[in-house]
Amino acid sequence: MTPESKQLAANRQAFQRRLGEWFARSQRKLPWRTERSVYRTVVSELMLQQTQVATVLPYFERWMSRLPDFEALAAASEETVLKLWEGLGYYRRARFLHRLAREIIRLPALPRTAAEWRALPGIGDYTAAAIASIACGEAVACVDGNVVRILARLTADDTPFATSAAAVKRFTPLAEALLDECAPGRHNEAMMELGATLCTKRRPACTVCPVASLCAGRASPEIEAIPRIGRAKTEQREVRRAWVRRDGELLLHRIPKGSVRMAGLHELPTLEHLGRDAGTPAPDSLLTTRRRTITRYQITEKIHRLPPPKGPLAADLVWVAVDAIGQITLSGPHRRWVRELLAAGH
DNA sequence: AAAACGGGGTA
DNA sequence: TACCCAGTTTT
């Protein structure tokens, strides 16, 4: 613990009071706050991993109206779950949540502690602490990127971290020292709300921050550079895909169940799926080139028009009626591209 | 086009 | 610790 963190920990009661009063008057009204249940907390936390609040809102409401509790989710089909998740991205989360519900309903009672939640699929240290504190009242601190940023700035700590995991590890003791054990859920939500709305990565609103007077880094010109967390270098990748039409139908690839990535979703098939890896297609078959970014990869997808394959279809390739494409699940980018290409008359 | 948002699992 | 998962929105 640095001198700044000892100083801050010594002022923990003032910190908790100012944070709590600010949160009471400034918190956003969010559907998982205005109506609370363990299930709503779990679903919101899984959706909020890697995804911003504004994006989650419509998905959360639709999910709740269709799958209102753990029992309904456990009884739902994989297709239903993926369809409700379509467009949110990082589809593994949907499968984790589905598995989690099926494990939960077999338990004699809901998990209560972070350690119990941590054992379930898709639940790491942060999510376990968030659920246990917010939904179960356990006095555990949760440390996400927001909390790291707040604590690094409060202590003016410009230590460089190789990874975000290293930063989380560094600031966990301070987060625990500051935790309001009388209201751990409210305290954790307030910390994350502060990070999401005032102590933002760029242009933090120090002038209206409730804990600015306790902040060693407040309004310093370098505060935007804290915390210092290394970023992985981006890597270029290229994928060639096939646009194959037959009257009223489009050829898609259904990603097998056992796949780590996007299991159960559909994509445009790659040329390899069609056995076209030998030799490049004629240049004039190139329909369009699209780019997408995912974590550290910048992926270029080249889409070529190809004639329908002769003979039996390879496993996992399916003809889908153009009118029925809305009923199957594609990743966000592929759904957009397919719509655009169909609308353009291809 | 770049930057902001930023957690879990696995080897 | 490094790397994968297979992204949307804002600037």
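Residue numbering restarts at 1 for every chain, and letters A, B, ... go by the order of the sequence lines. Below, each value reflects all heavy atoms present in this structure, side chains not excepted, and no hydrogens, waters or symmetry copies.
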Report the C-alpha distance between A:Leu214 and A:Arg18 in whole Å, list the side-chain angles of each, state the deciding distance to 0.1 Å, and finish with yes or no for side-chain contact (heavy atoms from CB on, under 4.5 Å).
CA-CA 10 Å; A:Leu214 298 167; A:Arg18 290 173 198 177; 3.7 Å; yes

Just the atom pairs and distances: protein N or O near nucleotides 5-7 of chain C's N or O, under 3.5 Å.
from  : atom 1 : to       : atom 2 : distance (Å)
C:dC5 : O2     : A:Arg92  : NH2    : 3.3
C:dA6 : OP1    : A:Arg92  : N      : 3.2
C:dA6 : OP1    : A:Met262 : N      : 3.4
C:dA6 : OP2    : A:Arg261 : N      : 3.3
C:dA6 : OP2    : A:Met262 : N      : 2.5
C:dA6 : N7     : A:Arg261 : NE     : 3.1
C:dG7 : OP2    : A:Arg292 : NH2    : 2.7
C:dG7 : N7     : A:Thr293 : O      : 3.0

Choose from B:dA4, B:dG9, C:dA2 the nucleotide whose nearest atom is closest to any side-chain atom of A:Phe96.
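Closest nucleotide to the A:Phe96 side chain: B:dG9.
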
Can you work out whether A:Arg202 or A:Arg118 has the more 5'-proximal nearest nucleotide on DNA chain B?
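Its nucleotide being nearer the 5' end, the pick is A:Arg202.
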
Could you tell me the separation between the [atom1] atom of [X] and the [atom2] atom of [N], rounded to a whole number of Å?
X: A:Gln298; N: B:dA3; atom1: CD; atom2: P; answer: 12 Å
X: A:Glu193; N: B:dG6; atom1: CD; atom2: P; answer: 12 Å
X: A:Asp125; N: B:dG6; atom1: CG; atom2: C1'; answer: 15 Å

Considering residues, nucleotides and ligands other than A:Arg106, do more than 12 of their heavy atoms fall under 6.0 Å from its CZ?
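12 or below, so no.
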
In the structure I gave you, are the side-chain heavy atoms of A:Glu181 and A:His187 within less than 4.5 Å of one another anywhere?
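A:Glu181 does not reach A:His187 side chain to side chain.
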
Taking C-beta and beyond as the side chain, do A:Asp125 and A:Cys142 meet within less than 4.5 Å on heavy atoms?
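No, every pair of side-chain atoms sits at 4.5 Å or beyond.
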
Passes side-chain contact (heavy atoms from CB on, under 4.5 Å), A:Asn188 versus A:Val147? Steps please.
CA-CA 9 Å; A:Asn188 284 331; A:Val147 175; over 6 Å; no

Test ring pair (Phe, Tyr, Trp, His ring centres under 6.0 Å) applied to A:Trp243 - qualifying residues, sequence neighbours left out:
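A:Trp243 satisfies ring pair (Phe, Tyr, Trp, His ring centres under 6.0 Å) with no other residue.
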
With A:His98, which residues qualify under ring pair (Phe, Tyr, Trp, His ring centres under 6.0 Å), at least two apart?
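Listed in chain order: nothing, the list is empty.
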
Could you work out, with salt bridge (charged side-chain N to carboxylate O under 4.0 Å, His left out) as the rule, every residue matching A:Arg335, not counting sequence neighbours?
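Only A:Glu86 meet the salt bridge (charged side-chain N to carboxylate O under 4.0 Å, His left out) criterion with A:Arg335.
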
Note: A:Glu35-A:Arg40 ion pair, threshold 4.0 Å (strictly below):
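Looking at A:Glu35 and A:Arg40, the cut-off is met.
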
Near DNA chain B, counting only heavy atoms under 4.0 Å, which residues of residues 136-146 of chain A show up?
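Those residues whose heavy atoms fall under 4.0 Å from DNA chain B, taken from residues 136-146 of chain A in numerical order, are A:Asp144, A:Gly145, A:Asn146.
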
Ring pair (Phe, Tyr, Trp, His ring centres under 6.0 Å) with A:Trp32: which of A:Trp63, A:Tyr59, A:Phe60, A:Tyr39?
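Exactly one candidate clears the test, A:Phe60.
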
Separation of the P atoms in B:dC5 and C:dA6, to the nearest angstrom:
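Rounded to whole Å, the distance is 23 Å.
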
Would you measure the distance from the C1' atom in C:dC3 across to the matching atom in B:dG6 and give it in whole Å?
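That atom pair is separated by 16 Å.
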
Going through the distances and angles, do A:Tyr91 and A:Leu265 end up as a side-chain contact (heavy atoms from CB on, under 4.5 Å)?
CA-CA 9 Å; A:Tyr91 299 90; A:Leu265 273 77; 3.7 Å; yes

Short of 4.0 Å, heavy atom to strand atom, which residues of residues 29-39 of chain A count as contacting DNA chain C?
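Nothing qualifies; none.
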
